[in-house]
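Quick notes on the structure that follows.
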Amino acid sequence: MTADRSLRLTRGATVWLTGLSGAGKSTVAGAVATLVAGESTGAEVEVLDGDEIRRTISSDLGFSREDRDKQGQRVGFIAELLSRHRVLTLVPVIAPYSETRAAVRAHHAERGSAFFEVYVSTPLQECARRDPKGLYARAAAGEVKGLTGVDDVYEDPETPDLRIDTTAGSPETAADRILEMLHEAGVVEYVDDTANSENPVVS
Ligand SMILES: Nc1ncnc2c1ncn2[C@@H]1O[C@H](COP(=O)(O)OS(=O)(=O)O)[C@@H](OP(=O)(O)O)[C@H]1O
Ligand SMILES: Nc1ncnc2c1ncn2[C@@H]1O[C@H](COP(=O)(O)OP(=O)(O)O)[C@@H](O)[C@H]1O
């Protein structure tokens, strides 16, 4: 993205960032939101973070299979509503089950809303090395049970729209790849700000 072009959304979309704790889902979602907010012409962007949702409307949920599925369905419902109303909705939520992710995709498709699955595929070893919340250390000490990827299941997405391993590269590079995906899908377009404002060049 250069300073002489701006970004605009042609429609809303949900971008679901799935992956292990510490993979970089929230950091990359934040980087996309910052880029879009800073370089767009009035585009709306929201982040629905799993931790934040769990502190509010999902404070009744734990980490059983049933509860994780409910969390996915709830967040998917809100994301679809937002994206149908032209918001670029970034969802850094683990969503460990293929079935939940497929149901959320189908929910979007039934309503004509765009949905993209981004697999933040940073390996467990790197996630545990980063351990930004100390969860892996607590799991190793036996203080946390059922941590995704350690002693609870994570079903790898088989056909994600995009796969990003954040072991190498910056969050901004990862964010650029997501914007490129959205550009290719026609959700994002760029307007050449140096062109005649009555005859803008859009790509
Ligand atoms: N047992 C266990 N497994 C996974 N994650 C745990 C667990 N306990 C607490 N946490 C914290 O909860 C965050 C994940 O919430 P999500 O709603 O994204 O997870 S899920 O989709 O319902 O599986 C997760 O956030 P991220 O680290 O951002 O992924 C953790 O902060
Ligand atoms: N390229 C990168 N992309 C995203 N996060 C990165 C990257 N390199 C290092 N990190 C670090 O990894 C950690 C990822 O944490 P977070 O974004 O909360 O992950 P998640 O939301 O998947 O649990 C952060 O401490 C972040 O600074």
Side-chain angles (χ1 to χ4, degrees), residues 1 6-54 58 68 71-122 148 154-166 169-190:
M1 189 76 198
S6 56
L7 172 159
R8 75 181 179 205
L9 297 176
T10 61
R11 59 179 303 184
T14 295
V15 178
W16 197 293
L17 297 100
T18 173
L20 301 176
S21 179
K25 305 180 299 294
S26 306
T27 305
V28 173
V32 174
T34 301
L35 271 177
V36 172
E39 298 176 356
S40 72
T41 49
E44 298 291 341
V45 59
E46 287 290 343
V47 179
L48 299 177
D49 193 282
D51 272 330
E52 202 179 330
I53 299 281
R54 282 176 170 280
S58 287
R68 289 182 194 259
Q71 164 77 339
Q73 304 287 352
R74 285 181 191 174
V75 181
F77 181 85
I78 301 167
E80 192 282 324
L81 274 180
L82 286 169
S83 81
R84 185 148 34 97
H85 289 279
R86 303 185 61 83
V87 178
L88 177 61
T89 310
L90 303 155
V91 186
V93 166
I94 296 176
Y97 311 120
S98 305
E99 203 176 307
T100 311
R101 297 190 300 263
V104 173
R105 185 187 281 277
H107 180 78
H108 280 70
E110 281 157 18
R111 287 156 184 79
S113 297
F115 178 86
F116 299 86
E117 183 181 83
V118 175
Y119 177 22
V120 185
S121 62
T122 316
T148 303
Y154 179 79
E155 296 170 358
D156 290 352
E158 285 177 11
T159 53
D161 297 286
L162 182 64
R163 180 188 299 257
I164 300 175
D165 178 344
T166 70
S170 67
E172 291 69 31
T173 307
D176 278 340
R177 289 189 59 204
I178 290 176
L179 287 180
E180 199 180 302
M181 172 189 77
L182 294 172
H183 184 227
E184 278 170 17
V187 171
V188 157
E189 61 186 21
Y190 295 106

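Hydrogens, waters and symmetry mates play no part in the numbers below; they use all other heavy atoms, side chains included. The first residue of the sequence shown is numbered 1, and numbering continues consecutively from there.
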Exercise. Any side-chain donor-acceptor pair under 3.5 Å between S6 and E39?
Worked result: no
Exercise. Should we count CD of E52 as having more than 12 external heavy atoms under 6.0 Å?
Worked result: no
Exercise. Thinking salt bridges, do R105 and D161 make one under a 4.0 Å N-O criterion?
Worked result: yes
For this session: Please tell me if the side chains of R177 and I164 come closer than 4.5 Å, counting only heavy atoms from C-beta onward.
Result: yes
Exercise. Where is the tightest heavy-atom contact between P171 and A31, given as atom of each residue plus distance?
Worked result: O-CB, 3.9 Å
Exercise. Side chains of K25 and L20: closer than 4.5 Å at any heavy-atom pair?
Worked result: no
Problem set entry | Shortest non-hydrogen contact between T14 and A79, atoms and distance | OG1-O, 3.4 Å
For this session: Looking only at non-hydrogen atoms, find the nearest pair between V120 and A23 and report the distance.
Result: CG1-O, 3.3 Å
For this session: Would you mind checking if R86 and E44 are paired as a salt bridge, meaning a charged N to carboxylate O distance below 4.0 Å?
Result: no
Exercise. Rounded to the nearest 0.5 Å, how far apart are CZ of R8 and OH of Y190?
Worked result: 13.0 Å
Exercise. Do S83 and T89 meet the criterion of a side-chain donor-acceptor pair at a distance under 3.5 Å?
Worked result: no
Exercise. Taking C-beta and beyond as the side chain, do V28 and T166 meet within less than 4.5 Å on heavy atoms?
Worked result: yes
Problem set entry | Atom pair CD (E158) and OH (Y119), whose distance is rounded to the nearest 0.5 Å | 11.0 Å
For this session: Evaluate the criterion side-chain hydrogen bond (donor to acceptor under 3.5 Å, both in side chains) for residue pair Q71 and S58; output intermediate values, then yes/no.
Result: CA-CA 7 Å; Q71 164 77 339; S58 287; 2.7 Å; yes
Seminar exercise, completed: So CG of L48 and CD of E46: to nearest 0.5 Å the spacing works out to 7.0 Å
For this session: Compute both the distance and the angle, then confirm whether R101 meets the cation-pi test with Y154: under 6.0 Å from the six-membered ring centre, within 45 degrees of the axis.
Result: yes
Problem set entry | Nearest non-hydrogen partners of G76 and V104, listed with the distance | CA-CG1, 3.8 Å
Exercise. With a cut-off of 6.0 Å (strictly less than), are more than 12 heavy atoms of other residues, nucleotides or ligands near CD of Q73?
Worked result: yes
Problem set entry | Steps toward side-chain contact (heavy atoms from CB on, under 4.5 Å) verdict (R163, V118) | CA-CA 6 Å; R163 180 188 299 257; V118 175; over 6 Å; no
For this session: Measure across T18 and P157 and return the closest heavy-atom pair with its distance rounded to 0.1 Å.
Result: CG2-CG, 3.9 Å
For this session: Output the distance between atom OG (S98) and atom CD (E117), rounded to the nearest 0.5 Å.
Result: 8.0 Å
For this session: May I ask you to decide if G169's main-chain N or O and T173's side chain share a donor-acceptor pair within less than 3.5 Å?
Result: no
Exercise. In terms of side-chain heavy atoms, does S121 have a donor or acceptor partner in D165 at a distance below 3.5 Å?
Worked result: no
Problem set entry | Check: L179 and H183 side chains under 4.5 Å, non-hydrogen atoms | no
For this session: Go through the steps to decide whether L82 and I78 satisfy the test side-chain contact (heavy atoms from CB on, under 4.5 Å), and finish with yes or no.
Result: CA-CA 6 Å; L82 286 169; I78 301 167; 4.1 Å; yes
Exercise. CD1/I178 to CG/L90 distance, rounded to the nearest 0.5 angstrom?
Worked result: 7.0 Å
Seminar exercise, completed: From the list L162, L88, V91, V45, side chain to side chain contact (heavy atoms under 4.5 Å, CB included) with V15 holds only for L88
Exercise. Is there a donor-acceptor contact under 3.5 Å linking the side chains of E80 and S113?
Worked result: yes
Problem set entry | Close side-chain approach of V93 and W16, heavy atoms under 4.5 Å | yes
Exercise. Could you give the distance from CZ (R68) to CD1 (I94), rounded to the nearest 0.5 Å?
Worked result: 6.0 Å
For this session: Search all heavy atoms of A33 against all heavy atoms of V47 and return the closest pair with its distance.
Result: CB-CG2, 4.0 Å
